[in-house]
Novice: 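So that we are looking at the same thing, I have put the structure below in structure tokens.
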Amino acid sequence: MKIVSYNLNGIRARLPRLIEYLDEQKPAAVCLQELKCQDDAFPIEDIRAAGYEAVWHGQKGFNGVAILTPKAPATLRRMGLPGDPDDTHSRYIEAEVGDLVIASIYLPNGNPVGTEKFAYKLAWMDRLRAHALELLAEEKPVVLAGDWNVIPTDDPDDVYSARAMATDALAQPESRAALRRIVNLGFTDALRARYPKGALYTFWDYTAGAWQRDAGFRIDHFLLSPQAADRLADAGVDKEYRGREKASDHAPTWIDLTD
DNA sequence: ATGTCAATACAATATTGA
């Protein structure tokens with residue numbers, strides 16, 4: 001079963017891209033990020049016309065996450081991370097899909113470094129770590145999918161230029177350590193596990209011809225619990241969609257799990 | 001700093017957040 005993570009950068013602006021992706025790839029589940037729409041503006045009828053159902057958590061203007069599944073909606077487990085009742089950002093949704101627990105994650109960007117935004121990013125990652133530990137205790141196949149807004153290493157297979165990103169929140173040692181603290185609980189970074197070598201960029205900036213010169217980096221990740229990692233058959237990036245008309249700046253990223 | 005983009009407030013452009 002193909003499970004996809006796709007940061008759309010606006011579901012209304014990207015609706016043709018999303019519908020054609022569903023038609024062409026027929027994924028078993030799609031985790032969406034950056035809906036940039038309120039709950040009542042979510043285009044559920046268009047998604048139903050494509051044969052899919054959804055659970056979603058929108059927000060005016062920015063953020064917003066969803067999980068799409070064919071025919072029937074996933075069983076919602078939670079919207080939002082525990083640990084901060086004052087957090088108003090729509091960045092986390094978790095649902096059961098068959099015997100899987102799947103989360104769609106839109107981790108804070110955190111730029112610029114040294115501001116409240118960066119502190120929020122690190123605090124949010126610590127809340128995610130605490131929740132991920134609770135999920136592991138269930139001993140189920142768990143898939144944490146999304147835009148993690150962290151480039152895991154300075155390896156050219158993860159980032160086109162470590163130097164260009166050195167001062168960015170996505171590449172800070174603190175951001176990477178916070179990601180490692182989650183992985184090291186016992187999760188598998190599915191894409192790198194499947195392909196230890198080779199560029200696996202998932203994002204190319206709109207500016208400065210980044211796509212044309214392949215100046216990308218890897219920030220969309222799948223973290224798998226042991227029970228899910230046992231079923232990992234393949235993983236990849238549907239890079240071609242980044243080159244289409246009115247594309248998102250992210251490419252759909254996916255795993256294939258055995259049923 | 002940016003060869004960019006989407007949404008919003010507001011009513012043609014500026015701001016925010018990527």
Side-chain angles (χ1 to χ4, degrees), chain A residues 5-21 31-44 46-47 56-66 80 86-93 104-125 128 145-152 158-172 174-176 178-179 201-221 237 239 241-253:
Chain A
S5 180
Y6 194 2
N7 179 321
L8 285 175
N9 187 20
I11 194 169
R12 285 169 288 178
R14 224 63 69 197
L15 194 58
R17 291 287 78 76
L18 175 62
I19 298 301
E20 81 183 358
Y21 188 84
C31 297
L32 299 176
Q33 302 88 34
E34 279 207 87
L35 304 177
K36 293 187 173 181
C37 76
Q38 289 175 301
D39 282 339
D40 58 9
F42 186 83
I44 185 63
D46 299 272
I47 287 166
W56 65 94
H57 191 200
Q59 184 173 352
K60 189 177 188 175
F62 67 122
N63 299 331
V65 285
D86 296 329
D87 186 358
T88 57
H89 289 203
S90 297
R91 296 182 175 277
Y92 186 91
I93 190 168
S104 180
I105 291 166
Y106 179 46
L107 208 137
N109 174 295
N111 278 302
V113 173
T115 66
E116 282 188 5
K117 290 184 177 183
F118 191 62
Y120 173 67
K121 175 182 192 140
L122 296 181
W124 202 94
M125 292 184 82
L128 179 57
D147 175 2
W148 289 70
N149 266 318
V150 178
I151 303 167
D158 279 349
V159 56
Y160 74 102
S161 165
R163 186 178 169 185
M165 298 303 292
T167 61
D168 196 288
L170 281 58
Q172 292 312 295
E174 296 95 328
S175 308
R176 289 171 171 170
L179 176 62
Y201 302 160
T202 67
F203 171 93
W204 296 259
D205 200 281
Y206 287 122
T207 63
W211 168 247
Q212 288 75 10
R213 57 197 178 89
D214 198 27
F217 42 82
R218 185 169 81 95
I219 52 174
D220 298 275
H221 308 304
V237 182
K239 184 174 175 179
Y241 288 85
R242 177 61 181 83
R244 295 198 183 183
E245 270 314 291
K246 294 272 288 176
S248 170
D249 40 8
H250 294 250
T253 305

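Convention: sequence-line order gives letters A, B, ...; per-chain numbering from 1.
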Novice: If you compare all heavy atoms of His57(A) against all heavy atoms of Ile93(A), which two are closest, and at what distance to 0.1 Å?
Specialist: N-CD1, 4.1 Å

Novice: In dot-bracket, 5' to 3', how would DNA chain B read with Watson-Crick or G-U wobble pairs under 3.5 Å, [ ] for crossing ones and | for pairs to another strand?
Specialist: ...((((((...))))))

Novice: Can you check the distance between dT2(B) and dA14(B), where both ends of the measurement are the P atom (answer in whole Å)?
Specialist: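 Pairwise P distance, dT2(B) against dA14(B), rounds to 15 Å.
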
Novice: In whole angstrom, what separates Asn63(A)'s CG from dT16(B)'s P?
Specialist: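 My rounded result for the distance is 16 Å.
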
Novice: Identify the two heavy atoms, one from Leu32(A) and one from Leu35(A), that lie closest to each other, and give their separation to 0.1 Å.
Specialist: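 Looking at all heavy atoms of both residues, the closest pair is CB-CD2, 4.0 Å.
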
Novice: Going 5' to 3' through nucleotides 2-9 of chain B, assign each nucleotide B (protein heavy atom under 4.0 Å from a base atom), S (under 4.0 Å only from sugar-phosphate atoms) or - (no protein heavy atom that close).
Specialist: -SBSSSSS

Novice: What pair of heavy atoms forms the shortest contact from His221(A) to Pro152(A), and how long is it?
Specialist: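 Smallest interatomic distance, heavy atoms only, reads CE1-CG, 3.6 Å.
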
Novice: Just the rounded figure in Å: distance from P of dT16(B) to CG of Asn111(A).
Specialist: 16 Å

Novice: Looking for any heavy atom pair under 4.0 Å, which part of the strands does Tyr106(A) touch: base, sugar-phosphate only, or nothing?
Specialist: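 Touches sugar-phosphate only.
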
Novice: Looking only at heavy atoms, what is the nearest atom pair of Asn111(A) and Ala169(A), with distance?
Specialist: OD1-N, 2.9 Å

Novice: Using the rule side-chain contact (heavy atoms from CB on, under 4.5 Å), only one of Val113(A), Leu170(A), Asn109(A) pairs with Lys121(A); which is it?
Specialist: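 Going through Val113(A), Leu170(A), Asn109(A) one by one, the side-chain contact (heavy atoms from CB on, under 4.5 Å) with Lys121(A) is satisfied by Leu170(A) alone.
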
Novice: Which part of the nucleic acid does Arg91(A) contact within heavy-atom distance under 4.0 Å: base, sugar-phosphate only, or nothing?
Specialist: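 If one applies the 4.0 Å heavy-atom cut-off, Arg91(A) turns out to touch the sugar-phosphate alone, with no base involved.
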
Novice: Provide the distance between the two C1' atoms, one in dA1(B) and one in dT13(B), to the nearest whole Å.
Specialist: 22 Å

Novice: In whole angstroms, how far is the P atom of dT16(B) from the NE2 atom of His89(A)?
Specialist: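 Distance check: His89(A) NE2 to dT16(B) P gives 14 Å.
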
Novice: Evaluate the criterion side-chain contact (heavy atoms from CB on, under 4.5 Å) for residue pair Val237(A) and Tyr201(A); output intermediate values, then yes/no.
Specialist: CA-CA 8 Å; Val237(A) 182; Tyr201(A) 302 160; over 6 Å; no

Novice: What are the two closest non-hydrogen atoms of Ala247(A) and Tyr241(A), and how far apart are they?
Specialist: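 For Ala247(A) versus Tyr241(A), the nearest heavy atoms are CB-O, 3.5 Å.
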
Novice: Could you check how far CE of Met165(A) sits from P of dA18(B), rounded to whole Å?
Specialist: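 Rounded to whole Å, this separation is 14 Å.
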
Novice: When rounded to the nearest Å, what value does the distance between P atoms of dA11(B) and dT15(B) take?
Specialist: 14 Å

Novice: Expressed as a whole number of angstroms, how long is the span from Asp168(A):CG to dG17(B):C1'?
Specialist: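 It works out to 13 Å between those atoms.
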
Novice: Classify the angle between the aromatic ring planes of Trp56(A) and Phe42(A) as parallel (below 30°), tilted (30 to 60°) or perpendicular (above 60°).
Specialist: parallel

Novice: Between Trp204(A) and Ala210(A), what is the shortest heavy-atom contact and its length?
Specialist: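 Looking at all heavy atoms of both residues, the shortest contact is CD1-O, 3.8 Å.
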
